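Data first, discussion second: the structure below is written as structure tokens.
Worth saying up front: this structure is predicted, and the values here are computed from it rather than measured. Sequence lines set the chain letters: A, B, ... in the order given, protein chains first and strands last, and positions in each chain run from 1.
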There are 2 protein chains.
Amino acid sequence: MHFTRFFTRWIKNYSAKDKKLIEAVKRITGVKPYNVELYSLAMKHTSIAKENTHGFKESNERLEYLGDAVLGAVVAEYLFKRFPYKDEGFLTEIRSRIVNRESLNRLAIKIGLSQLVEYEGRKRNSQTFKSIYGDAMEAFVGAVYLDKGFKYCRKFIVKQLLIQHYDLEEIIETTTNFKSLIIEWAQKNNKDINFETAQKSATKKSNKQFKVKLLLDTELIAEGNGYSKKKAEQDAARKSCEALGIDKNSI
Amino acid sequence: MHFTRFFTRWIKNYSAKDKKLIEAVKRITGVKPYNVELYSLAMKHTSIAKENTHGFKESNERLEYLGDAVLGAVVAEYLFKRFPYKDEGFLTEIRSRIVNRESLNRLAIKIGLSQLVEYEGRKRNSQTFKSIYGDAMEAFVGAVYLDKGFKYCRKFIVKQLLIQHYDLEEIIETTTNFKSLIIEWAQKNNKDINFETAQKSATKKSNKQFKVKLLLDTELIAEGNGYSKKKAEQDAARKSCEALGIDKNSI
């Protein structure tokens, strides 16, 4: 297998563009790609996609879908092992701060991926182009996964991306207080937020669970659960922020 | 490594409960577990969680978080390879139909996992207990992943779960038409749905992209994009259904 790959690479005449990409992949991941076409596709924004012989427009969107999932799983495991005594709410929140569009945009610029992305269109500040680098970052991860397999891809994500480019301490310190966030957002938008608490039954006192409903004016947005009222409120607020698309930039 | 594992297993005195669990894991995955405690934790609902020496309540919630991510990645890759000419919207939708709470609940019951879940509380029809089996299903996948590694876990998910228990053809046929869904929902709730289309600029005619806003009464719920008006409308409708928590059961 390896011999075949070597041989294929040896006899292939790469274009100048491919050669540049091969060097970039080597710089970013540490090794040359087996299949440069995967990376080439990962850098192809849908704005320049052309139909292939199957009538299908080939862009990096499929690789982005795959890379998003692989990145999510690897970061999930990393945090799971790194924080053995933190609950899943904490882990979910930290992960979403690592892999959100904004972080991935920044990451793509930091590692030089942004310079490789091919796209067309001048409106670089429009909505579509806001996520172009982050999308390409995910597609790149998808390409590494298909090219080199899970173990290698995991090592790449953890060593070259997470450890080198993220300050976990800082991320943890600035973790969002969703209750404050949604209250602030509501005030700004002249809306009322109400938390309705209902203590849930449990056979043992120690396991009393709380259920909290978040109402926006009179409309139920989400329900939260937790073993304290505070936790249930945070849970309801987090789910509501997700449902309403509220983040720090909304304020 | 294998010898150590064998030796550890050999000298360990398992409880009757653990022995039952070991047999169940073997029946479900095809092989005995290395570390039965992982599976035992995966079956422990938060309602019976006890604090460990670190003051941390040990339940299956952390494993559920991990298993959810691993399952997502494996199903993503499976669909990616199975449908090479389908776009990421299709892949995302099919995946969400495979791993949604309802499907995972059903799956947990089918493979007999539901009989192993430990929980406390009589309100089995309440909101919390609606997802108890599906949550345990994800936690079980998390346990398999930690116990056996990625390759084995992927094989387990694809061969024992996906291929045996899902009818992909049927899933594809019944894929939701989000535009119809949200219109039906709005009619039932006496609300108005409006799609506002604005054609986006593009330098090449072939790449004209459409942007569609979905308004509920006068409120903007979501924006969709696509290379046809129809695609952009579906995108806006799908995002709006997500934001408003609308699914087929809402109708």
A:R62 and B:L79, any side-chain heavy atoms less than 4.5 Å apart = no

Chain A shares the most heavy-atom pairs under 4.5 Å, among B:K151, B:R95, B:E58, with B:R95

Between B:K86, B:E51, B:E242, which residue shows the highest count of heavy-atom pairs closer than 4.5 Å to chain A?
-> B:K86

State, to 0.1 Å, how close A:A73 and B:A73 come at their nearest heavy-atom pair, and which atoms those are.
-> CB-CB, 3.9 Å

Between A:E77 and B:Y145, what is the shortest heavy-atom contact and its length?
-> OE1-OH, 2.6 Å

Is the number of heavy atoms from other residues, nucleotides or ligands within 6.0 Å of NZ (A:K213) greater than 12?
-> no

Atom NZ of B:K239: over 12 foreign heavy atoms under 6.0 Å = yes

Most heavy-atom pairs under 4.5 angstrom with chain B, which of A:T92, A:V70, A:L244?
-> A:T92

Which residue out of A:L91, A:I221, A:L66 racks up the most heavy-atom pairs below 4.5 Å with chain B?
-> A:L91

CG (B:D87) and NZ (A:K57) are apart, to the nearest 0.5 Å, by 11.5 Å

To the nearest 0.5 Å, tell me how far B:E88 CD sits from A:T46 OG1.
-> 8.0 Å

Please set out all donor-acceptor pairs under 3.5 angstrom arising from side-chain atoms of residues 36-43 of chain B, sequence neighbours excluded.
| residue | atom | partner | partner atom | Å |
| --- | --- | --- | --- | --- |
| B:E37 | OE2 | B:K12 | NZ | 3.2 |
| B:Y39 | OH | B:D147 | OD2 | 2.9 |

Under a 4.5 Å heavy-atom cut-off, does chain B meet the side chain of A:V75, its backbone, both or neither?
-> backbone

Ring-face cation of A:R154 near B:F150 (centre distance under 6.0 Å, axis angle within 45°) = no

Any donor and acceptor pair, going by atom type alone, linking the side chain of B:Y65 with main-chain N or O of A:A76 inside 3.5 Å?
-> yes

